[in-house]
Engineer: 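If you scroll down you'll find the structure; I have some questions about it.
Note that the structure is predicted; figures quoted are calculated from it, not measured. Along the sequence shown, residues carry numbers from 1. Below, all heavy atoms of this structure are taken into account, side chains as well, without hydrogens, waters or symmetry copies.
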Amino acid sequence: MDSNTKDCRNYSAEEIIDYFMELYPSLKNPANRRRVYIGVTGNIVERIRRHNAKDNLLFSVQTAAQWVAAKVEELAHRLGFNIGDVQHGGNGTNSNSIYVYAYLIDKHTIE
């Protein structure tokens, strides 16, 4: 786990979303959510590098299991956050995808 990643293994998917919204109260406004990408991964450092989002990282958390991370992504999509290719509910996960991350989309990030 990256040193900046919060341990949320005892949090439900709903609690993780609530935590994120408390960190960034401006996201209570649905219009502000479109500029935030939320994803899941098994390797935070590599994924943020691939997104070119190091300077834009808002948060990263470790969940208890892949299904919790996937549920966070699903909830995020329902709330209007960008999760990538929504035709299949996100960008896909595997059994190692226990981390959730969010970054602010700008002209330098790669989704």
Side-chain angles (χ1 to χ4, degrees):
M1 177 167 57
D2 178 79
S3 63
N4 295 319
T5 300
K6 180 173 174 63
D7 184 348
C8 289
R9 288 178 287 183
N10 292 323
Y11 288 46
S12 69
E14 292 81 5
E15 289 170 325
I16 292 170
I17 291 288
D18 289 346
Y19 164 70
F20 182 51
M21 300 287 259
E22 286 175 23
L23 282 177
Y24 299 97
S26 67
L27 296 177
K28 293 184 190 227
N29 178 345
N32 294 333
R33 297 177 194 161
R34 288 180 238 145
R35 294 194 54 229
V36 175
Y37 183 96
I38 295 182
V40 299
T41 187
N43 185 327
I44 290 284
V45 174
E46 175 60 21
R47 185 58 57 127
I48 294 305
R49 184 193 67 73
R50 287 178 56 201
H51 283 296
N52 196 35
K54 182 179 178 187
D55 294 335
N56 298 37
L57 186 64
L58 299 174
F59 90 121
S60 60
V61 300
Q62 180 179 357
T63 67
Q66 179 275 332
W67 68 267
V68 177
K71 180 73 173 176
V72 171
E73 189 178 51
E74 177 187 324
L75 292 171
H77 175 59
R78 281 198 240 146
L79 290 170
F81 290 98
N82 183 334
I83 66 164
D85 183 0
V86 296
Q87 290 188 7
H88 67 286
N91 290 325
T93 64
N94 61 44
S95 62
N96 296 326
S97 300
I98 60 169
Y99 300 99
V100 177
Y101 61 94
Y103 65 83
L104 188 62
I105 300 166
D106 72 11
K107 65 182 179 179
H108 302 290
T109 57
I110 303 164
E111 292 147 60

Engineer: If you measure from SG on Cys8 to CD1 on Ile98, what distance do you get to the nearest 0.5 Å?
Structural biologist: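 Rounded to the nearest 0.5 Å, the SG-CD1 separation comes to 11.5 Å.
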Engineer: Would you compute the distance between atom CZ of Arg78 and atom CD1 of Ile83 and round it to the nearest 0.5 angstrom?
Structural biologist: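 Between atom CZ of Arg78 and atom CD1 of Ile83 there are 10.5 Å.
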Engineer: Is any side-chain heavy atom of Tyr11 closer than 4.5 Å to a side-chain heavy atom of Val68?
Structural biologist: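 Not touching, per the 4.5 Å side-chain cut-off.
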Engineer: Taking all atoms of both residues into account, what is the closest heavy-atom pair of Ile38 and Ala102, and its distance?
Structural biologist: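 Of all heavy-atom pairs spanning Ile38 and Ala102, the closest is CG1-CB, 3.8 Å.
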Engineer: Of all residues at least two apart in sequence or in a different chain, which pass the side chain to side chain contact (heavy atoms under 4.5 Å, CB included) check with Asp55?
Structural biologist: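 In terms of side chain to side chain contact (heavy atoms under 4.5 Å, CB included), with neighbours along the sequence ignored, Asp55 is linked to no residue.
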Engineer: Considering residues, nucleotides and ligands other than Asn10, do more than 12 of their heavy atoms fall under 6.0 Å from its CG?
Structural biologist: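 Result for CG/Asn10: open.
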Engineer: Taking side chain to side chain contact (heavy atoms under 4.5 Å, CB included) as the criterion, tell me which of Leu79, Val36, Val72 meets it with Phe20.
Structural biologist: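 With Phe20 as partner, Leu79, Val36, Val72 yield a single side chain to side chain contact (heavy atoms under 4.5 Å, CB included), made by Val36.
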Engineer: Quick one: pull up CG in Asn96 and CD in Gln66 and give me the separation to the nearest 0.5 Å.
Structural biologist: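 Asn96 atom CG to Gln66 atom CD measures 9.5 Å (nearest 0.5 Å).
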Engineer: Backbone N or O of His108 within a donor-acceptor pair of the Asn52 side chain at under 3.5 Å?
Structural biologist: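 A pair under 3.5 Å: yes.
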Engineer: Among Phe59, Tyr99, Tyr101, find the one that has a side chain to side chain contact (heavy atoms under 4.5 Å, CB included) with Thr5.
Structural biologist: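 Only match with Thr5 under side chain to side chain contact (heavy atoms under 4.5 Å, CB included): Tyr99.
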Engineer: If only atom types and distance count, is the side chain of Arg33 paired as donor or acceptor with the main-chain N or O of Lys28 below 3.5 Å?
Structural biologist: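 Flag set: sc Arg33 to bb Lys28 pair under 3.5 Å.
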Engineer: Distance check, rounded to the nearest 0.5 Å: Ser26 atom OG versus Asn32 atom CG?
Structural biologist: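 The OG atom of Ser26 sits 5.0 Å away from the CG atom of Asn32.
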Engineer: In Å and rounded to the nearest 0.5 Å, what is the OG1 to CD distance from Thr63 to Glu15?
Structural biologist: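 Spacing of OG1 (Thr63) from CD (Glu15) equals 12.5 Å.
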Engineer: Looking only at heavy atoms, which two atoms of Glu73 and Gly39 are closest? And how far apart?
Structural biologist: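 Answer, listing the atom of Glu73 first, then Gly39: OE2-CA, 3.9 Å.
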Engineer: What are the two closest non-hydrogen atoms of Val40 and Ser97, and how far apart are they?
Structural biologist: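 Minimum heavy-atom contact is CG2-CB, 4.4 Å.
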Engineer: First locate atom CZ of Arg47, then atom CZ of Arg50, and finally report the distance between them rounded to the nearest 0.5 Å.
Structural biologist: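 Between Arg47 CZ and Arg50 CZ, I get 5.0 Å after rounding to 0.5 Å.
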Engineer: Donor-acceptor check, side chain of Asp106 to backbone of Thr109, threshold 3.5 angstrom: yes or no?
Structural biologist: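 Looks like yes, one N/O pair under 3.5 Å.
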Engineer: How are the rings of Tyr103 and Tyr37 set relative to one another: parallel (under 30°), tilted (30 to 60°) or perpendicular (over 60°)?
Structural biologist: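 Parallel: the ring planes of Tyr103 and Tyr37 meet at under 30°.
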